[in-house]
Amino acid sequence: MRVSRLMLVTLRDDPAEAEIASHKLLLRAGYMRRLAPGIFAYLPLLWRVLQKVSAIVREEMAAVDALETLLPQLQPADLWRRSGRWDGYTAGEGIMFHLVDRQERSLGLGPTHEEVVTELAADLLRSYRQLPVCLYQIQTKFRDEIRPRFGLMRGREFIMKDAYSFHADEACLQRTYAAMDRAYRRIFERCGLRAVAVEADSGAIGGSASQEFMVTAEAGEDLILASPDGRYAANQERAVSLPAASVPLEAGPCRSLATPGQSSIEDLCTAHGFDPTQTLKVLLLLARFAAAPPRGVLVCLRGDQQLNDVKLANAVTARCSDAGALLEIVPLQAEHLATDLSGDAGSVPFGFLGPHLEDPPLRNGDARAVAVPLLRLVDASAAELETFVCGANRIDAHLVGARWGELCPLPEVVDLRAAQPGERCLHDPSQRLEAARGIEVGHIFQLGRKYSEALEARFTNEAGSDEALWMGCYGIGVSRLAQAAVEQHHDADGIRWPVAIAPYTVIIVIASSQDAVQVALAEQLYGRLLRAGIDVLLDDRPERAGVKFKDADLIGIPWRLVVGRAAGDGKVELVDRSGGTGKRELTADAALEELVQSLGLQVASP
RNA sequence: CGGGGCGUGGCGCAGCUUGGUAGCGCGGGUGCUUUGGGAGCACUAGGUCGCAGGUUCGAAUCCUGUCGCCCCGACCA
């Protein structure tokens with residue numbers, strides 16, 4: 001391709017709309033344009049990158065016998081109602097774009113395809129003899145993100161590869177899951193990305209095991225915690241660790257302590273010389289559901305620990321399975337008691353809560369007081385305390401030396417604390433978690449039978465009886481991956497694409513387009529590279545050399561061939577954009593030979 | 001949705017405090033010169049200052065409302 005015909009528009013200044021390097025560069029270098037928040041036009045250069053990524057994905061999917069397909073993006077609401085996800089995906093902070101058609105039918109614009117593909121499986125898969133199968137597609141997904149950000153990092157319309165596998169039993173699912181894990185590692189490696197696999201929360205997709213693939217980059221939205229020995233890595237949402245040991249509280253009977261105005265752990269410890277690890281943090285929260293009234297949740301953590309919202313949401317969801325989708329969990333405020341629970345706002349001593357807080361007495365319609373049970377959970381860090389300091393459930397008072405069992409029964413113990421960098425690992429307490437930031441570019445799940453049971457996707461097993469399919473699903477954010485690559489591969493001058501996903505592999509720069517000798521040699525090289533099957537750009541624009549060098553650096557073509565002063569002697573310069581071999585003057589043939597060889601191709605004769 | 005910031009030629013910005021009818025850099029076009037790291041000179045096209053009200057003799061500037069965009073939080077490939 002000739003640059004003069006490429007519709008290349010590069011910008012000298014950083015666009016005001018972009019914050020992070022990759023977003024700025026993709027805009028500046030003419031790869032994309034924003035149409036609306038989270039909605040982008042992929043310009044020809046970027047489309048080539050996306051095609052190259054897709055080609056690698058297709059090869060690796062083929063290698064694990066996945067079948068490419070293309071599923072509908074307009075999806076009937078009924079299908080989503082049957083899986084139980086319609087409300088969660090459309091109401092409240094749901095992310096599904098949805099609409100009503102002229103026949104008054106509700107439709108959603110596909111944010112993901114578990115429902116559609118499971119419906120297909122229910123129709124097509126009847127016998128264990130057909131299993132396992134894996135379908136995938138590379139397609140635009142629509143998600144009404146609460147806050148689109150950073151260009152392609154979090155778009156409302158983006159390209160995703162999503163794959164779904166179906167199995168006769170869990171062991172088979174696990175084999176495919178493992179094969180996908182390996183395929184994903186190959187994909188990211190072939191794309192030239194440094195990526196790490198981490199244990200992950202399954203989120204709204206559901207299912208059991210899941211693993212994310214993170215491209216490490218400072219601009220990443222996720223925090224990864226990993227052990228130095230490489231044996232453990234997890235998203236902080238999911239990560240587990242050993243908290244620091246607590247400082248034992250001096251022995252003695254449980255006593256009351258006046259703590260006027262000391263409603264925070266910090267105030268309490270400062271005033272009385274307690275260590276935060278000796279205290280109990282008691283949080284009163286309100287969980288809202290799609291299909292049930294709100295419910296109060298009482299959570300106990302050790303005073304120095306932080307609540308992990310994701311773990312809590314999972315715990316609440318698991319214990320309120322008939323309440324419909326969990327919409328949100330918010331700190332319970334005094335006004336909630338009256339408005340959401342019809343309770344008495346004065347009855348809860350906020351700031352001085354203890355685990356023995358009674359269920360809030362509520363006024364029913366007939367004015368009789370009824371106690372609505374709180375969902376009570378305790379984190380292991382708090383459950384392990386022999387004695388502790390906690391709120392007395394009276395304003396301006398705490399208890400010192402309280403014990404589980406004496407004060408109140410120990411609530412259900414659940415892991416609810418946020419692991420932090422520097423904490424000891426479970427698998428080897430001599431290892432301490434290290435933090436890194438990452439961009440999630442892939443996520444694989446063992447879904448189990450969640451969708452197949454809901455949508456009655458059943459098959460006949462070897463024994464002749466009917467059973468629900470086992471499922472897995474596997475996603476890669478193709479457009480996000482492209483931007484993540486830029487985030488990981490750029491310098492002060494512009495993008496430095498890995499060769500495998502660069503829009504073009506080589507750019508021939510004619511230093512002086514007025515020089516007939518240079519033009520002739522450049523054209524000859526251009527033809528030979530084209531014939532060798534190399535993706536080559538010829539910068540034939542009547543610009544000064546400096547402009548072309550700047551643009552070549554900015555758009556990030558891995559190899560630059562400069563046809564300049566030495567063209568008369570048949571010599572050119574070969575420049576490696578990643579800086580590997582620097583700038584060298586070679587004969588045209590030698591340069592071509594080297595290029596072709598480094599790219600593993602056959603040289604074409606003049 | 002809550003908190004913060006910003007809307008001025010295609011892009012990046014100044015002007016607004018203290019109202020007087022719009023400016024700089026880049027980019028576009030034409031010509032001459034230049035020609036290996038975003039050239040110089042000259043000429044030129046292009047903006048009802050997000051929108052709507054209001055105050056005023058007069059509004060980019062002051063007031064009210066409204067819309068849009070960006071950043072921080074909930075969301076996720």
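Values in this document were obtained by computation on a predicted structure and should not be read as measured data. A, B, ... follow the sequence lines: proteins, then strands. Residue 1 opens every chain.
- With distances taken from any side-chain atom of A:Pro37 to the nucleotides B:rG37, B:rC69, B:rG38, the minimum falls on B:rC69.
- Each of B:rG73, B:rC76, B:rA39 was ranked by its minimum atom distance to the side chain of A:Arg147; first place goes to B:rG73.
- The distance between atom NZ of A:Lys24 and atom C1' of B:rC11, rounded to the nearest whole Å, is 15 Å.
- The number of heavy atoms from other shown groups lying within 6.0 Å of CD (A:Glu218) does not exceed 12.
- Contacts of A:Gly94 with the nucleic acid, taken as non-hydrogen atoms under 4.0 Å apart, are absent.
- Judged by distance alone, the side chain of A:Ser83 and the main-chain N or O of A:Trp80 form a donor-acceptor pair under 3.5 Å.
- Following rounding to the nearest Å, A:Leu8 (CG) and B:rG27 (P) show an atom-to-atom distance of 14 Å.
- Ranking B:rA39, B:rG37, B:rG38 by closeness to the A:Arg544 side chain, first place goes to B:rA39.
- Of the options A:Ile56, A:Leu50, A:Thr140, a side-chain contact (heavy atoms from CB on, under 4.5 Å) to A:Val478 is made by A:Leu50 and by none of the others.
- With distances taken from any side-chain atom of A:Glu145 to the nucleotides B:rC75, B:rC69, B:rA39, the minimum falls on B:rC75.
- Among the heavy atoms of the strands lying under 4.0 Å from A:Thr10 is at least one base atom, whether or not backbone atoms are also near.
- When both pairing distances are held under 3.5 Å, B:rA52 makes a Watson-Crick or G-U pair with B:rU64.
- Each of B:rA77, B:rG36, B:rG12 was ranked by its minimum atom distance to the side chain of A:Ala545; first place goes to B:rG36.
- Under the Watson-Crick and G-U wobble criteria, each requiring two contacts below 3.5 Å, nucleotide B:rA39 is paired to B:rU33.
- In this structure, A:Phe549 does not count as stacked on the base of B:rG36 under the 5.5 Å centre distance and 30° plane angle limits.
- With sequence neighbours excluded, no residue forms a salt bridge (Lys or Arg N to Asp or Glu O under 4.0 Å) with A:Lys571.
- The stretch residues 557-578 of chain A comes close to RNA chain B through A:Arg560, A:Val562, A:Gly564, A:Arg565, A:Glu573, each having a heavy atom under 4.0 Å from the strand.
- Around the CD atom of A:Glu189, the shell of radius 6.0 Å holds no more than 12 heavy atoms that belong to other residues, nucleotides or ligands.
- Toward the 5' end of RNA chain B, the nearer of the two residues A:Ala16 and A:Leu11, judged by each one's closest nucleotide, is A:Ala16.
- The pairing partner recorded for B:rA45 is none, the criterion being a Watson-Crick or G-U wobble arrangement whose two distances lie under 3.5 angstrom.
- Close to B:rC76, at under 4.0 Å from its OP1 or OP2, lies no side-chain N or O of A:Arg156.
- When both distances must be under 3.5 Å, the Watson-Crick or G-U wobble mate of B:rG73 is B:rC1.
- Pairing each heavy atom of A:Ser513 with each of A:Pro542, the nearest pair is OG-CA, 3.9 Å.
- Here the nucleotide nearest the side chain of A:Phe150, chosen from B:rU35, B:rC72, B:rG27, is B:rC72.
- When the nearest nucleotides of RNA chain B are assigned to A:Asp14 and A:Asp551 by heavy-atom distance, the more 5′-ward of the two goes with A:Asp14.
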